[in-house]
Amino acid sequence: MRVAEIRHLPGLVGERVRINGWLYNSRSSGKLRFLIVRDGSGYLQAVVFRPQVSDRVWEQADGVTQESSMWVEGVVKRDERSPGGVELEVGDLGIVSLCPEYPITPKEHGVDFLLNHRHLWLRSRRQHAIMRIRNELIFAIRDFFYRRDYVCIDSPILTPAACEGTSTLFETEYFGEKAYLSQSGQLYLEPAAAAHGKVYCFGPTFRAEKSKTRRHLTEFWMVEPEVAWMRFDELCDLAEEFVSELVARVLERCQQEFAWLERDTSRLEPAASRPYPRLDYADAVAKLAGKGFAVNFGDDFGGDEETALADESGKPVMITRYPAAIKAFYMEPDPQDPSRALALDMIAPDGYGEIIGGSERIGSLELLERRIQEHSLPRQAFEWYLDVRRYGGFPHAGFGMGIERVVAWLCGLSHLREAIPYPRLLNRLYP
RNA sequence: UCCGCAGUAGCUCAAUGGUAGAGCAUCCGGCUGUUAACCGGAGGGUUGGGGGUUCGAGUCCCUCCUGCGGAGCCA
């Protein structure tokens with residue numbers, strides 16, 4: 001007996017196949033049982049007709065419960081009345097493991113309940129679609145860099161001294177010393193850029209910020225390219241090329257998933273092509289003032305401001321040259337105006353917020369030493385980082401992109417918690 | 001951390017200070033094409049914990065716990 005995946009069934013009409021899977025839902029009508037079976041690749045309506053099957057098969061079809069693991073065997077038929085266009089005319093079936101009352105029913109559930117059952121929630125059609133899109137995005141990211149000869153240099157997760165404020169770092173014990181979970185791979189990537197030229201890292205990062213918003217997780221995945229000899233304008237080009245290509249690829253390859261999510265992809269299409277609008281920080285402040293926001297030059301932008309800055313067209317907006325005072329210590333000053341940093345934020349449309357933050361990095365050893373002092377950072381912890389300037393300093397630039405925010409934007413999610421398989425939130429570490 | 005909202009059946013929610021209910025899920029029965037099927041029946045409750053007001057509290061007050069939404073900060 002040929003074992004098939006449900007997604008291949010449209011090409012197997014007329015053949016007799018066996019499907020292994022789980023019962024997603026069932027409906028009945030007299031001598032008919034409609035079993036909706038899912039196998040991870042798709043959903044199949046398996047039709048059991050009383051006169052055509054044995055007593056044993058009929059009893060099993062009648063008694064199989066939601067999420068029982070099972071197999072069905074039969075002939076693939078084309079049928080307009082079936083969701084998906086094809087169905088299985090069941091000749092035989094077996095229950096592998098009968099499922100007791102399943103917690104997640106086809107009706108509505110609350111957020112807390114679903115998060116407590118995240119391990120089961122992942123089986124639901126909507127979550128299934130989201131994870132498929134996340135998977136496609138991740139593969140597209142790696143492919144983007146691979147085709148451009150970037151080398152993947154993953155950064156450590158356990159790091160020694162605190163690089164930025166300790167209040168947002170998760171602390172752990174490391175054989176009698178303190179260690180911290182990484183907030184960013186960037187500092188470790190810069191030395192690697194001197195080794196390979198074009199590098200990137202992609203891994204989990206951790207922020208112990210006690211924030212309770214739809215835009216924050218305490219553990220999230222970030223992809224960070226770092227490029228030797230790259231200047232600020234080229235960095236903006238790279239960010240734009242990167243995001244537009246990712247959007248185009250996911251749009252092309254995940255149509256089925258977007259349909260399940262009922263995502264209006266026409267809202268996403270503008271972001272699949274370049275260019276994206278670029279807005280100098282000063283112009284962004286002026287634009288916000290024009291919209292009635294009480295923002296002064298020198299302020300950072302909050303969530304509402306970001307949403308207001310996003311382009312009505314559906315394209316992400318790039319805000320450039322922020323005041324150096326509100327940005328990180330390692331950012332290169334703008335030669336035209338040293339009070340500004342060669343920093344870039346990319347803001348996704350429709351309120352999905354900042355998806356990219358990046359900059360050209362300080363090239364000068366003296367300036368970097370001064371900045372470390374100005375920020376009251378422990379100098380000795382940064383000696384290795386200063387070596388990047390000490391031993392053959394070079395201009396370089398890079399950015400970080402939060403994967404979950406991009407997934408949330410692509411999928412149209414109202415909260416980041418659905419964009420990652422097992423979300424880690426303030427007060428949530430289970431399952 | 002601050003501000004606001006909520007906690008009642010397995011789940012989602014009702015119930016003017018006066019006998020705790022519905023839908024879904026579960027179990028039983030019916031139906032030859034269902035699309036979160038439908039129809040009939042049954043079981044299912046220490047109303048988050050503690051204290052208080054009252055003849056009487058799911059409902060009002062105090063307190064703690066848990067969750068949700070938002071702010072700050074960020075990707």
Side-chain angles (χ1 to χ4, degrees), chain A residues 24-36 43 45-52 62-63 65-67 77 79-85 87 89 99-117 120-121 124-126 164-165 167-168 183-186 202-224 239 243 299-306 316 326-328 344-348 352-358 399-409 414-417 419-420 425-428 430:
Chain A
Y24 190 69
N25 195 9
S26 71
R27 296 178 283 267
S28 70
S29 180
K31 298 288 178 278
L32 281 164
R33 294 289 180 272
F34 301 94
L35 309 177
I36 310 302
Y43 299 82
Q45 173 162 288
V47 184
V48 187
F49 187 35
R50 180 68 191 94
Q52 292 179 0
D62 205 36
T65 53
Q66 186 189 359
E67 286 304 323
K77 293 264 163 109
D79 195 311
E80 295 284 317
R81 296 166 296 187
S82 177
E87 63 183 24
E89 193 177 270
C99 184
E101 192 172 342
Y102 190 68
I104 299 178
T105 67
K107 279 280 183 176
E108 291 171 30
H109 297 284
V111 169
D112 188 39
F113 178 83
L114 288 171
L115 286 176
N116 282 331
H117 295 82
L120 301 177
W121 191 20
S124 302
R125 191 180 296 236
R126 176 182 165 81
E164 294 171 47
S167 62
T168 63
Q183 286 193 316
S184 159
Q186 182 209 316
F202 187 17
T205 52
F206 308 86
R207 306 263 166 108
E209 196 67 49
K210 291 199 171 178
S211 47
K212 278 185 56 130
T213 84
R214 64 184 64 194
R215 300 211 275 238
H216 291 87
L217 299 165
T218 57
E219 178 182 303
F220 65 97
W221 284 65
M222 188 152 67
V223 57
E224 299 173 87
V243 175
D299 292 348
D300 209 348
F301 304 137
D304 290 346
E305 283 88 0
E306 285 182 354
I326 56 170
K327 285 293 176 182
L344 152 79
D345 279 0
M346 185 187 289
I347 298 169
Y352 285 96
E354 187 182 337
I355 51 174
I356 278 180
F399 62 76
M401 186 180 83
I403 300 307
E404 287 76 18
R405 285 194 181 170
V406 176
V407 171
W409 166 43
S414 62
H415 199 298
L416 241 47
R417 61 193 163 214
I420 188 168
L425 301 156
L426 183 64
N427 301 329
R428 183 171 294 282
Y430 177 94

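A note on names: the letters A, B, ... follow the listed sequences, proteins ahead of strands, and every chain is numbered from 1.
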- Can you see which heavy atom on Arg215(A) is nearest to which on Glu306(A), and at what distance?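 In terms of heavy atoms, the two residues are closest at NH2-OE1, 3.9 Å.
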Pairing partner (Watson-Crick or G-U wobble, both distances under 3.5 angstrom) of [N]:
{"N": "rU59(B)", "result": "none"}
{"N": "rG21(B)", "result": "rC13(B)"}
{"N": "rC31(B)", "result": "none"}
{"N": "rC68(B)", "result": "rG4(B)"}
{"N": "rU54(B)", "result": "none"}

- Message: For a quick check, tell me whether the side chain of Glu87(A) and the base of rG33(B) share a donor-acceptor pair closer than 3.5 Å.
- Response: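 Yes, the side chain and the base share a sub-3.5 Å donor-acceptor pair.
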- Do Arg405(A) side-chain and rC74(B) base share a donor-acceptor contact under 3.5 Å?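 Checked by distance alone, the answer is yes.
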- Query: Would you say Gln52(A) has more than 12 foreign heavy atoms packed within less than 6.0 Å of its CD?
  - Reply: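 Result for CD/Gln52(A): enclosed.
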Within this structure, what is the [atom1]-to-[atom2] distance between [X] and [N], rounded to whole angstrom?
{"X": "Arg50(A)", "N": "rC31(B)", "atom1": "CZ", "atom2": "P", "answer": "13 Å"}
{"X": "Phe202(A)", "N": "rA75(B)", "atom1": "CZ", "atom2": "P", "answer": "16 Å"}
{"X": "Lys31(A)", "N": "rG29(B)", "atom1": "NZ", "atom2": "P", "answer": "12 Å"}

- Query: In whole Å, what separates the P atom of rC61(B) from that of rG17(B)?
  - Reply: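 The answer is 11 Å between these two P atoms.
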- Query: Is the aromatic ring of Phe34(A) within stacking range of rG33(B), meaning centres under 5.5 angstrom and planes under 30 degrees?
  - Reply: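 A stacking contact does not exist, since Phe34(A) is not both close and nearly parallel to the base ring of rG33(B).
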- Message: Check this for me: does any side-chain nitrogen of one of Asp345(A) and Lys327(A) sit under 4.0 Å from a carboxylate oxygen of the other?
- Response: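 Looking at Asp345(A) and Lys327(A), the cut-off is met.
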